[in-house]
Chemist: 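Below: one structure in structure tokens.
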2 protein chains.
Amino acid sequence: MSFAKKISTRALYIQVRDHLAQQIARGVLKPGTPLPSELELADQLGVSLGTLRKGLEALENERLITRRQGSGTYVRDHAADMRFTFDNLRTKDGAAIPFTVEFVSAGSGPASAEEQERLQLEAPEAVARCLQVRHHEGPFLLEQISLAASRFAGFDCTKLTNPYRIAVLAQEHGVLVGTASESAEIARASREVAARLEVDPETPLLRLDRIIYSLGRVPLEWRVGYCRMNAVKYVTTLRN
Amino acid sequence: MSFAKKISTRALYIQVRDHLAQQIARGVLKPGTPLPSELELADQLGVSLGTLRKGLEALENERLITRRQGSGTYVRDHAADMRFTFDNLRTKDGAAIPFTVEFVSAGSGPASAEEQERLQLEAPEAVARCLQVRHHEGPFLLEQISLAASRFAGFDCTKLTNPYRIAVLAQEHGVLVGTASESAEIARASREVAARLEVDPETPLLRLDRIIYSLGRVPLEWRVGYCRMNAVKYVTTLRN
DNA sequence: GCGAATTTGTGCGTATGTATT
DNA sequence: TAATACATACGCACAAATTCG
């Protein structure tokens with residue numbers, strides 16, 4: 001395998017990055033396992049060590065691999081690593097919330113107009129939906145989720161009978177998760193939401209609206225959550 | 001000037017980065033102006049081109065410089081660039097809020113116990129305080145600000161008679177701004193806050209609590225804001 | 001516990017491509 | 001068009017951390 005001969009306008013180290021990212025997505029390189037050594041890889045791919053290393057750097061920034069001096073370069077296991085969850089909610093003292101998830105209901109069908117718009121679907125493709133409640137000393141977060149099923153190769157909507165984690169789902173279906181964008185507003189609890197969260201109607205809640213994108217900026221999941229904030233806060237880090 | 005001879009355990013490119021960062025902080029390299037070319041700089045500093053470039057890469061990631069192929073490497077002007085504001089509030093349709101600031105009052109004095117704790121001051125050092133209201137079709141955000149004056153070399157608390165921007169202040173006093181961390185909760189408007197924001201008491205508001213740190217992770221500013229969310233939302237991007 | 005082998009990190013030098021001025 | 005600046009790519013040597021016999 002050699003890139004150098006290919007006619008491509010893209011920089012060689014970008015091609016290296018893309019190639020390895022694809023290998024990871026396809027499961028050729030499995031989570032938790034080491035890549036060949038840099039010298040080996042550079043040789044296999046027919047590029048210089050420096051070029052390979054620049055590609056690996058990019059993959060490291062994208063959280064696809066970790067490198068340990070003296071040990072090796074490893075495919076990151078997003079499924080096992082509990083940090084890959086896009087969850088900004090914390091307890092009042094800033095600790096992670098040890099919540100449990102109550103799975104309320106699931107379903108699937110063609111995307112609604114709003115789902116189609118938010119998930120940037122070109123047609124009313126299949127969408128898996130799910131309603132769940134997070135508990136921690138009582139219910140605190142109700143979530144309604146829409147998953148762009150068509151973007152997870154071979155995904156069976158009917159199998160969605162339990163809470164899932166996007167990192168696990170992505171890893172199982174050859175999808176690389178990138179970033180997410182979330183907006184928060186204050187909303188009053190509707191009668192139904194109030195019941196689920198065991199609060200009075202009219203209680204002010206934090207309404208969270210989040211879209212998770214793939215590394216290629218394709219929307220994967222749309223989620224709207226209603227959160228009672230009595231024991232919880234929303235925490236972010238700003239990096240300019 | 002040569003680093004190579006120095007006895008330092010730190011990597012050479014880190015020393016290059018730190019040296020240039022210091023030059024920028026001190027104003028030797030001025031915002032908006034170009035650095036010497038890479039070849040020149042490498043020569044001046046007595047390091048190889050590759051080492052210099054690795055240092056520049058780090059500075060670019062820290063938003064201290066921008067590099068343009070064919071043109072040059074420039075010191076970023078955080079004061080002129082309106083993006084460096086750590087502001088996650090947007091209009092409902094996601095646009096920047098064209099607000100104006102009403103400066104209510106200012107003061108200064110030794111840090112309170114809470115300020116000392118939040119700003120990680122070792123003693124009750126001088127703190128500049130300021131109360132202001134942001135307007136956009138009426139008042140929407142009341143902010144009470146505590147600035148760690150001792151961390152801005154030669155800062156005169158009494159000069160604080162107008163709204164300031166942290167980027168400007170930092171640039172004027174040789175401070176490099178790094179990241180910020182912010183937490184949001186829902187709080188009811190006190191009588192005083194309600195008056196300032198022209199809402200009914202008991203109106204649910206978003207309470208924002210933010211600390212801005214220097215590049216060296218030293219707290220610079222602590223700010224608590226109360227925001228009415230009728231025309232505004234809080235937006236973040238999550239990167240894992 | 002030590003040392004050898006392995007692997008990534010750092011540093012140098014050079015040549016060429018590409019965008020800007 | 002020519003000069004200049006950053007970007008890409010190659011190759012080599014050694015340092016530092018880890019692993020394993």
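Each chain gets a letter, A, B and so on, in the order the sequences are listed, and its residues count up from 1. Computed over heavy atoms, backbone and side chain alike; hydrogens, waters and symmetry mates excluded.
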Chemist: Output the rounded distance in Å from CG (B/Leu52) to C1' (D/dA5).
Modeler: 13 Å
Chemist: Starting at CG of B/Leu41 and ending at P of D/dA7, how long is that distance when rounded to a whole Å?
Modeler: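 B/Leu41 atom CG is separated from D/dA7 atom P by 13 Å.
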Chemist: What nucleotide among D/dC6, D/dC10, C/dG11 has an atom nearest to a side-chain atom of B/Thr73?
Modeler: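 Selected nucleotide: D/dC6.
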Chemist: Rounded to whole angstroms, how far apart are CG on A/Leu49 and C1' on D/dA9?
Modeler: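 To the nearest whole Å, that distance equals 12 Å.
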Chemist: Expressed in angstrom and rounded to an integer, what is the separation of A/Glu57 atom CD from D/dT8 atom C1'?
Modeler: 13 Å
Chemist: Hey, which of these two, A/Tyr13 or A/Ser71, hits DNA chain D nearer its 5' end, going by closest nucleotide?
Modeler: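 The residue mapped nearer the 5' terminus is A/Tyr13.
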Chemist: To the nearest Å, how far apart are B/Arg67 CZ and C/dA19 P?
Modeler: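 One finds 16 Å between P of C/dA19 and CZ of B/Arg67, rounded.
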Chemist: From CZ of A/Arg10 over to C1' of C/dT18, roughly how many Å is that when rounded to an integer?
Modeler: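 Whole-Å distance recorded here is 16 Å.
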Chemist: Can you identify which nucleotide, out of D/dA7, C/dG11, D/dA16, has its nearest atom closest to the B/Glu38 side chain?
Modeler: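 Output: D/dA7.
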Chemist: Identify which nucleotide among D/dC10, D/dC6, C/dT8 has an atom closest to any side-chain atom of A/Ser37, counting heavy atoms from C-beta outward.
Modeler: C/dT8
Chemist: When you get a sec, tell me which of D/dC10, D/dC6, D/dA17 is the closest nucleotide to the side chain of B/Gln69?
Modeler: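 That would be D/dC6.
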Chemist: Using modelled atom types and a 3.5 Å cut-off, is there a donor and acceptor pairing between side-chain atoms of B/Arg63 and backbone atoms of B/Gly178?
Modeler: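 Checking the backbone N and O of B/Gly178 against the side chain of B/Arg63, no donor-acceptor pair under 3.5 Å is found.
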Chemist: For A/Gly50, which contact category applies under a 4.0 Å heavy-atom criterion: base, sugar-phosphate, or nothing?
Modeler: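 Result for A/Gly50 = nothing.
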Chemist: Which heavy atom of B/Gly32 sits nearest a heavy atom of B/Tyr74, and at what distance?
Modeler: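 Shortest heavy-atom contact: O-CD2, 3.9 Å.
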Chemist: Between B/Leu39 (CG) and D/dT4 (C1'), how many Å, whole number?
Modeler: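 Roughly 10 Å, once rounded to whole Å.
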Chemist: Any side-chain to backbone donor/acceptor pair from A/Arg151 onto A/Pro219? Under 3.5 Å, distance only.
Modeler: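 Confirmed, A/Arg151 side chain pairs with A/Pro219 backbone.
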Chemist: Does a side-chain N or O from B/Thr51 land closer than 4.0 Å to OP1 or OP2 of C/dG11, or not?
Modeler: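 It does not, given that no N or O in the side chain of B/Thr51 lies less than 4.0 Å from OP1 or OP2 of C/dG11.
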Chemist: Just by modelled atom types, is the B/Phe86 backbone N or O under 3.5 Å from a matching donor or acceptor in the B/Arg210 side chain?
Modeler: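 Side chain of B/Arg210 to backbone of B/Phe86: a pair is present.
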Chemist: What is the separation between atom CD1 on B/Ile14 and atom P on D/dA16, rounded to the nearest whole Å?
Modeler: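 It works out to 15 Å between those atoms.
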Chemist: From the set D/dT8, C/dT8, C/dG11, return the single nucleotide nearest to any side-chain atom of B/Arg53.
Modeler: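 The answer is D/dT8, which lies nearest to the side chain.
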Chemist: Check whether any side-chain N or O of A/Lys54 sits under 4.0 Å from OP1 or OP2 of D/dT8, and answer yes or no.
Modeler: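 For D/dT8, OP1 or OP2 has a side-chain N or O of A/Lys54 closer than 4.0 Å.
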Chemist: Would you say the ring centers of B/His135 and B/Phe99 fall short of 6.0 Å from each other?
Modeler: no
Chemist: Where the side chain of B/Ala11 is concerned, which of D/dA7, C/dG11, D/dA9 is the nearest nucleotide?
Modeler: C/dG11
